[in-house]
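The model shown is predicted, which means the values in this text are computed figures rather than measured ones.
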Amino acid sequence: MLKQLLIKVLGGTQKKDSASKKLNPSKEIQPLSTCFEDNLRTLQKALENSADIVFRQLSVQPPSSKKTRVLLVFVEGLCDPKSISADLLKPLLNDLGALKTPPADLASLHKVVLQQVLSLTDAQTTTNMLDLVESVLNGNVALVIDGSDHAILANLQQKEGRAINEPDTEPVVRGPKDGFVESLQVNASLIRRRIRSSRLKLELFKVGSLTKTSIGVFYIQGIANDKVVEEVRRRIKRIEIDGILASGYIEELIGDEPFTIFPLIQTTERPDRSAASLLEGRVVILVDNTPMNLIVPCTFVSLLQAAEDYYTPSPFASFVRIIRFIALNIALLLPAMTVAVFSFHQELIPTTFLTNVASARQDLPLPISAEVLLMELTFELLREAGVRLPKTIGQAVSTVGGLVIGQAAVNAGYVAPIPVIVVAMTAIASFTIPSYAAGISIRILRFFLLILASLLGGMGIMLGLMTILVHLCSLRSFGVPYLSPFAPLSPKDLKDTFIRVPWWAMITRPRFFGSKEPIREGNAQGPTKPDKGGGES
Amino acid sequence: MLIITIILSTVILFVPSATAEKAKQSAWIVPIVASLAGVVTLWLVTHLGRRFPSYTLPEYIQIILGRFLGKLLGVWYLVGFLCGCILIARQFVEFISITLLPGTPPMVISLAFVLVGVYAASKGLEVIARMNQFVFPLLFTALLVSFILGWFKIDLIRLLPLLEEGIKPIIAASWTPASWFGEVIFIAFIYPQINKPKEIFEKGLIGLLISTTLSILMILFTISIFGSVLTSTLTFPFWSVIRFLEFGKYVQRLESYLVIIWITSMVIKISLFTYLASFITTQVFPVKYKIVLYPLGGIVVIGSVYGFKNIEQFINILINFVPPLGLLGEIGFPLLFLIVAILRGKKEGDRNLER
């Protein structure tokens, strides 16, 4: 009921029909004319008041016919000026005249130009004016020839962008250090470089009526569940929006559950991680202009797995996983537990310690629940301040906040030392969670549990946890239960949860991603000792 | 696979509360006798289920007994499960207000508890089953740890003399736990939703077996630690046992762990019962599930707070009033249904003729 109300408040589903009409004007065809002036006029009208669009007119000399006018249209900055002059202008002005076979007439001149003159890797023709305009805005160079109703679209996009460097959000000690950049082409190549199989498929979609952002969907045919792939396609096609600027838009638009604080789609900046997910049978969604790419389906456990886990030796990786799991519990529960124990269940504190605590708390102005809440809020403030400020000042904030405020507040007698310790522990523990998105949900839930604990004590925490459990159990990410492999239990897949078994034991793919090809490696690949004395005989 | 966890949890999870409030000096043989009721119910339910594989109990009793009588009995089950909810909520309130939150008004505790249950029930059966799966290992380890630690404290002499007054008191004492074991009746209501209906009888038996074993162990430990006299006077004997346990100087106050587990199991139980109560309503009356759910939750809260005067009256009802009615619904009626169904030769597919 609440959900329906929220949906109504947030913009309603009824308006959808009228909205879709506005956003997607039906694509009409407006053919190019054979008259050069007409074409020029139409183009200039379509692209008027755009100072960054260049109209360049040339006059070329095809063999054994009169001079012909040619129009080049492109967006300054999206196209590479060097290759325009080298690959378009030079051949047109020099090589065209040197052709041995003259073109039959002007109308077929574009064919000759395309096939025999231009030294381009990617070029095509169009007869539609709207296609032409769109393609120019995408960064292609359009070539309109006098007397021909075919225009040539040459892909001379300038590859400009950040160099590939180590991802900031998911650093590793061992393992590859390249991260995604903003360009979809580069990102796709980073994945393609890792999986050199023809079964790796990439489907492209254009989303956003104004931005026309490219969305790439990667999957391995035969391993990824067809239903999931189909569902991804369907949901992406369903999107009707004016613009997509980052993968976060897509994440919210194609998620399963409209209202949840848990990330139902995994984000990553690491190509190796994306490739690993593809091998598990998942689907990777690349969004142009974002270094953060999406992986679906997502399970809760996968948010606690770091890329590093698979590169370090198995015992160490398992150890770190367990530590991380404990940290998750601390980050979620420690403040709430502290409040519950100190204000409701003092009998759980050992007696000697209790007298200490009691005497320390004697002169404090606030009850412990208010203290912990206040300190947690302070910490969240500091954290937010640190993120938004320039990096150099950010450190000053943490020094002032952490050391000065913490120490001074205790000395001045506003808070007891225990809440400060608790908040510090919680903060450190929450930093060990690999997924930033999961970290945010834990932060919110921490406050939820903290408030419950200060109202109802231990019972409040338990009921809160049960509510969270109910919610988690009800979640699905693209059809996969969020708590797999725990609930529903699939014992085989526990090999990659609290522990990470050695690679030679990772025989099957996770069952819950619906792998059609369950076996991922040969049996009995474990290292074996060489036969005794084998070397001597 | 849904079913095994449901049985395990519901039956086992009952037992801490069941024994905690019940386990009399009549000792550890009680669960063996009592679990027979569970087996009988399970047998009846699976047989009825096989006759009508795609109908739930309230649907097929309308076929068997005709519309009016069927609806009437459907209402009877509805009231039964609703009372079950109220009893669970009351148990929860009693236990929490005695052990954890002595000063909190029962209304608040009950409200918070039922709210969580209703939330879970609103998500449907699958979610409840998955919750079970998640919680069950925790429960199992908790009990295991307490048994291991309890091993150092037990004194088997306290179990003697065995069968001092013959078999009669045992059968008399089995009465109440029998109705708890009979709660496997809930399978009849979810039968069409079970993934592998053919395995249900065996899986159900395994579930019953495990829960019987665990409850025997719990009673054994309680009596051999406290003796029968003390056990019968304690309000929550097993809780006191756990409280008594310690390991060295460090592992103490294990009862808080038990309470955690107990709360989780109670939440699962109430969500299942709330789900069933609302589900039956939708099958007997033409109403929507979500519309029924919230008012039912409200009834449970009010009933659990104002329904009983004090814990004495509550336990009295639990022991003397519930078992006969419970067993009637769990064994008596299903038996009747099966006999009538066989006599009238009703099977699935007859429904169309009936209308």
Side-chain angles (χ1 to χ4, degrees), chain A residues 1-4 257 260 299-301 329 333 337 340-341 343-354 451-476 479-491 494 497-498 511-512, chain B residues 1-2 4-5 92-93 95-97 99-104 108-109 111-124 126-138 195 243 249-250 252-257 259-268 270-271 290-291 293-294:
Chain A
M1 278 191 348
L2 191 68
K3 195 182 280 178
Q4 284 148 9
E257 182 84 15
T260 178
T299 58
F300 188 66
V301 177
N329 280 313
L333 286 173
M337 290 289 257
V341 166
S343 49
F344 287 92
H345 317 297
Q346 291 96 345
E347 76 272 11
L348 291 173
I349 311 169
T351 324
T352 42
F353 183 52
L354 184 64
I451 290 165
L452 273 181
S454 44
L455 293 177
L456 290 170
M459 190 195 83
I461 299 180
M462 276 320 295
L463 291 182
L465 281 179
M466 286 309 281
T467 315
I468 296 168
L469 183 63
V470 172
H471 183 63
L472 279 174
C473 284
S474 70
L475 290 180
R476 274 168 183 275
V480 174
Y482 200 48
L483 278 184
S484 319
F486 299 114
L489 190 71
S490 64
L494 292 178
T497 52
F498 293 130
R511 201 183 54 158
F512 41 88
Chain B
M1 285 314 291
L2 248 164
I4 184 160
T5 48
F92 186 84
V93 170
F95 187 77
I96 292 293
S97 59
T99 58
L100 282 182
L101 300 169
T104 314
V108 176
I109 301 174
L111 192 69
F113 176 63
V114 174
L115 215 58
V116 178
V118 166
Y119 177 60
S122 73
K123 298 279 181 185
E126 198 188 354
V127 168
I128 300 173
R130 280 206 221 132
M131 262 163 73
N132 254 318
Q133 244 171 353
F134 198 83
V135 167
F136 177 67
L138 297 176
N195 278 352
R243 202 174 174 147
K249 291 260 174 198
Y250 309 102
Q252 286 179 335
R253 315 224 45 125
L254 283 166
E255 84 273 11
S256 48
Y257 192 49
V259 169
I260 290 171
I261 298 300
W262 187 80
I263 292 177
T264 50
S265 51
M266 287 302 266
V267 168
I268 291 174
I270 195 157
S271 30
K290 294 236 161 158
I291 296 175
L293 188 61
Y294 300 103

Side chain, backbone, both or neither of Ile109(B) within contact of chain A (heavy atoms, under 4.5 Å):
both
With the side chain counted from C-beta on, respond yes when Met459(A) and Phe92(B) share a heavy-atom pair under 4.5 Å apart, and no when they do not.
yes
Please report the closest heavy-atom contact between Met466(A) and Thr264(B), naming both atoms and the distance.
SD-CG2, 3.3 Å
Contact origin within Leu475(A) toward chain B - heavy atom pairs under 4.5 Å:
backbone
Looking only at heavy atoms, which two atoms of Val127(B) and Cys473(A) are closest? And how far apart?
CG1-CB, 3.7 Å
If every non-hydrogen atom of Ala112(B) is compared with every non-hydrogen atom of Leu456(A), which pair is closest and at what distance?
CB-CD1, 3.9 Å
Least distance between heavy atoms, Leu469(A) atom then Phe134(B) atom:
CD1-CD2, 3.5 Å
